[in-house]
Asker: 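Quick one: the structure is below, and I'll ask about it shortly.
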2 protein chains.
Amino acid sequence: MKNGKKAPTIFDVSALSGFSISTISRVINNPEKVNAETRQKVNNAIDQLGFVPKAEARARALRFMGRIGVITPFFTAPSFIQRMRGIANSLSKENFDLVIYTVDSNNRLQSYLSSLPLTGNLDGLVIMSLPVNDNDVKRLLDYHLPTTLIEYPHPLINSVEIDDVEGGRIATEYLIKKGHRRIAFLGDSDLPEYSIHPVSFRLKGFRKALKSANIEVPESFIRLAPYNQEQARQIAKELIDLPNSPTAIFAATDLQALGVLKATRQLGIKVPDDLAIIGFDDIDMADFEDLTTVRQHLDESGRLAIEILLSHIADSSRPVQHVYLPLTVIERLTV
Amino acid sequence: MKNGKKAPTIFDVSALSGFSISTISRVINNPEKVNAETRQKVNNAIDQLGFVPKAEARARALRFMGRIGVITPFFTAPSFIQRMRGIANSLSKENFDLVIYTVDSNNRLQSYLSSLPLTGNLDGLVIMSLPVNDNDVKRLLDYHLPTTLIEYPHPLINSVEIDDVEGGRIATEYLIKKGHRRIAFLGDSDLPEYSIHPVSFRLKGFRKALKSANIEVPESFIRLAPYNQEQARQIAKELIDLPNSPTAIFAATDLQALGVLKATRQLGIKVPDDLAIIGFDDIDMADFEDLTTVRQHLDESGRLAIEILLSHIADSSRPVQHVYLPLTVIERLTV
DNA sequence: TACAATTATGAAAGTGCTTTCATTAAAATA
DNA sequence: TATTTTAATGAAAGCACTTTCATAATTGTA
């Protein structure tokens, strides 16, 4: 198969197969554009020589690597996955490879952030729901690695964001408009050090809306719990057991809202009559469960991030873009 | 530092500094061969432009980081995502990058399969729920690209599989043991040409189990529908409306089982008393919905695939491994 | 001071690939 | 059968550098 010689080039394959280098290149990159018989012969020659195209030469000729990196928190929350889906979908249409870097500690985040821009084997980077500091940004800029941030903004870098305060406000106002006065808030706690915490902004919006409406919230109505359904269910039960319990709960993430919903089912509480529930995110399951929620269009955020990124890769003179995704209450059956 | 332009090339530095590209190149690669004053000027120009020689960057990229590719069907079914999660999780613990190749057509699959082994970019490959032919396998082997298949086996390549026939049998027997005699089957149809179809094996198991138990199935009890909840819900309603309707439904995927479950809620049918439902896969949502199902431990399949892959990367003399994942009925509340 | 060495530089020829464009052969249509 | 389309191929022009070789300027030597 391989003879001990120098690494074979596309020219060797051309010589052995009798076809031009253009055809060899085609067999490798656009096999469907070449006659089956020819393709077969070329492939034979490739196999015979053990030819492996050099990535560096390829990148040089193409002027890009065809590879986008995504730095994302540990693959676990449904919302991350839906963003990823948006990213993967639009990327595959554009014929880019997707390289995923999962972050499970501050250390790892920093290590990615400091090495990735230097390696030169990425055409662009998406940083999802993770904080970057000025130093990281400077490096990204210095090494000309086009980047889009999702959820965490920075003035010098493209971003796709939502206004969490506003989102919290919208959700709460919706509840108020429906006549609720005793409204509880359920958010997540125990966030890992490397991650960001949008929920605290949603809480801010919650407070703001109530203040505008001149409604007092007892502190016992504001609860934080680890981000999972089990704990949310637990808290929901506690809230329901409170004397003068809330008539509505705003859960700052859908996952937790679903936990609350489950609690109501177990307790035989009627939703929305006895208790209204509104979530935040609009994950896939929200639709299935008919959960009323604030949609932030997760898939779209991924799609958009890629769109912006690719446009900046194509034309790096474009000005930095900061896109705000609209937030809307999706009315379903739980309020 | 950088003005919004394209990434500068050695030519830009040449133009700005007034020296030829040869000199620029020398300043970078053999600084001692160029006059100190010239070198200074060139360096100034380099700094001014923020020029980063691509090749050098790439050299630095020779960091110790491996790269694992995963070829996966279009990022959509929850089961794929859970497998991915298993993969991403175990990979992030090791020093490997994860490159994702999403397949949305036969063409693309073939193009990945024929080009990936050649590029030498990957240290290992996982092919998820996608069929490979002997030719593909030969290429993988010839180019020494360690590979693990998930769900679709091949004698010459590592694989992580489940026995779908057996799974269908288990689910059906479970229903029979619970006293059901009129059992319907709901599977998915309209599979894209490039994908595999485990559900047909589950149907085989279904038939087998019924035969062993001497139970006849009317053909009207065996239904296929596109893979989504909406259609599943529709079909469920039709089944329920049948004269002498089934007392149990085996949905060959959880997603469809959940569609059925939703139909029962809308129709006010009591589960499991009026209708029992069993699914297959055990996706996250199954737990939330208390769906009785056959667990195939999706996360684990991803984890295992990586484990096998890495061990083969470390020691290529290892014999091919075919691992069968156990299937068990997870008893929850719908049967 | 004449001539060889040395040093600093640029022109141009690679490097291994991709892609555009033109050409030819084959198929489809009139 | 003549003519337009389409498919399959090759020639050649990039791509972003590195390297070789030739040339000019400077220094060293007798």
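Below, chains carry the letters A, B, ... as their sequence lines are ordered, and counting in each starts from 1.
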Asker: At what distance, to the nearest 0.5 angstrom, does NZ of A:K41 lie from CG of A:N35?
Answerer: 8.5 Å
Asker: Using only side-chain N and O atoms of A:K54, determine if any of them is under 4.0 Å from OP1 or OP2 of C:dG16.
Answerer: no
Asker: What's A:G66 touching, base or sugar-phosphate or nothing? Going by heavy atoms closer than 4.0 Å.
Answerer: nothing
Asker: For a 4.5 angstrom cut-off between non-hydrogen side-chain atoms, does A:D284 reach A:R85?
Answerer: yes
Asker: Could you tell me the separation between the CD atom of B:E37 and the P atom of D:dA25, rounded to a whole number of Å?
Answerer: 16 Å
Asker: Is a side-chain N or O of A:N106 found less than 3.5 angstrom from the main chain of A:Y194, in a donor-acceptor match?
Answerer: no
Asker: Just call it for A:S22: base, sugar-phosphate, or nothing, with non-hydrogen atoms closer than 4.0 Å on any strand.
Answerer: base
Asker: Would A:N43 and B:R139 count as having a side-chain donor-acceptor pair, cut-off 3.5 Å?
Answerer: no
Asker: Consider side chain to side chain contact (heavy atoms under 4.5 Å, CB included). Of A:T148, A:V320, A:I127, A:V137, which one does A:I157 pass it with?
Answerer: A:V137
Asker: Measure the distance from CG on A:N29 to C1' on C:dC17 and round it to the nearest whole Å.
Answerer: 9 Å
Asker: Round to a whole Å and report the spacing from CD1 of A:I21 to P of D:dA11.
Answerer: 9 Å
Asker: Tell me, do B:L298 and B:F80 make a side-chain contact under 4.5 Å, heavy atoms counted?
Answerer: no
Asker: Using the 3.5 Å cut-off, write out each protein N or O paired with an N or O of nucleotides 5-9 of chain D and the distance between them.
Answerer:
unit_1, atom_1, unit_2, atom_2, d
D:dT9, OP1, A:T38, OG1, 2.4
D:dT9, OP2, A:N35, N, 3.1
D:dT9, OP2, A:T38, OG1, 3.4

Asker: What integer distance in Å separates B:D12:CG from D:dA16:P?
Answerer: 9 Å
Asker: Across the strands shown, which category fits A:I24 at heavy-atom distances under 4.0 angstrom: base, sugar-phosphate, nothing?
Answerer: nothing
Asker: Distance check needed: D:dC17 P versus A:E56 CD, whole Å only.
Answerer: 10 Å
Asker: Rounding to a whole Å, what distance do you find between A:L62:CG and C:dC17:C1'?
Answerer: 8 Å
Asker: Under 4.0 Å between a side-chain N/O of A:S25 and OP1 or OP2 of C:dT18, yes or no?
Answerer: yes
Asker: Is B:D299 paired with B:R303 through a side-chain N to carboxylate O contact shorter than 4.0 Å?
Answerer: no
Asker: Would you mind reporting whether B:F96 and B:L310 have side-chain heavy atoms less than 4.5 Å apart?
Answerer: yes
Asker: Compute the angle between the rotation axes at the two ends of the helix from C:dT1-D:dA30 to C:dA30-D:dT1, each taken over five pairs, rounded to 10 degrees.
Answerer: 30°
Asker: How about B:I100 and B:M84: do any of their side-chain heavy atoms sit closer than 4.5 Å?
Answerer: yes
Asker: Starting at the 5' end of DNA chain C, which residue's closest nucleotide do you reach first, A:F64 or A:R60?
Answerer: A:R60
Asker: Applying a 4.0 Å non-hydrogen cut-off, can you work out what A:R58 is touching in the nucleic acid: base, sugar-phosphate, or nothing?
Answerer: sugar-phosphate
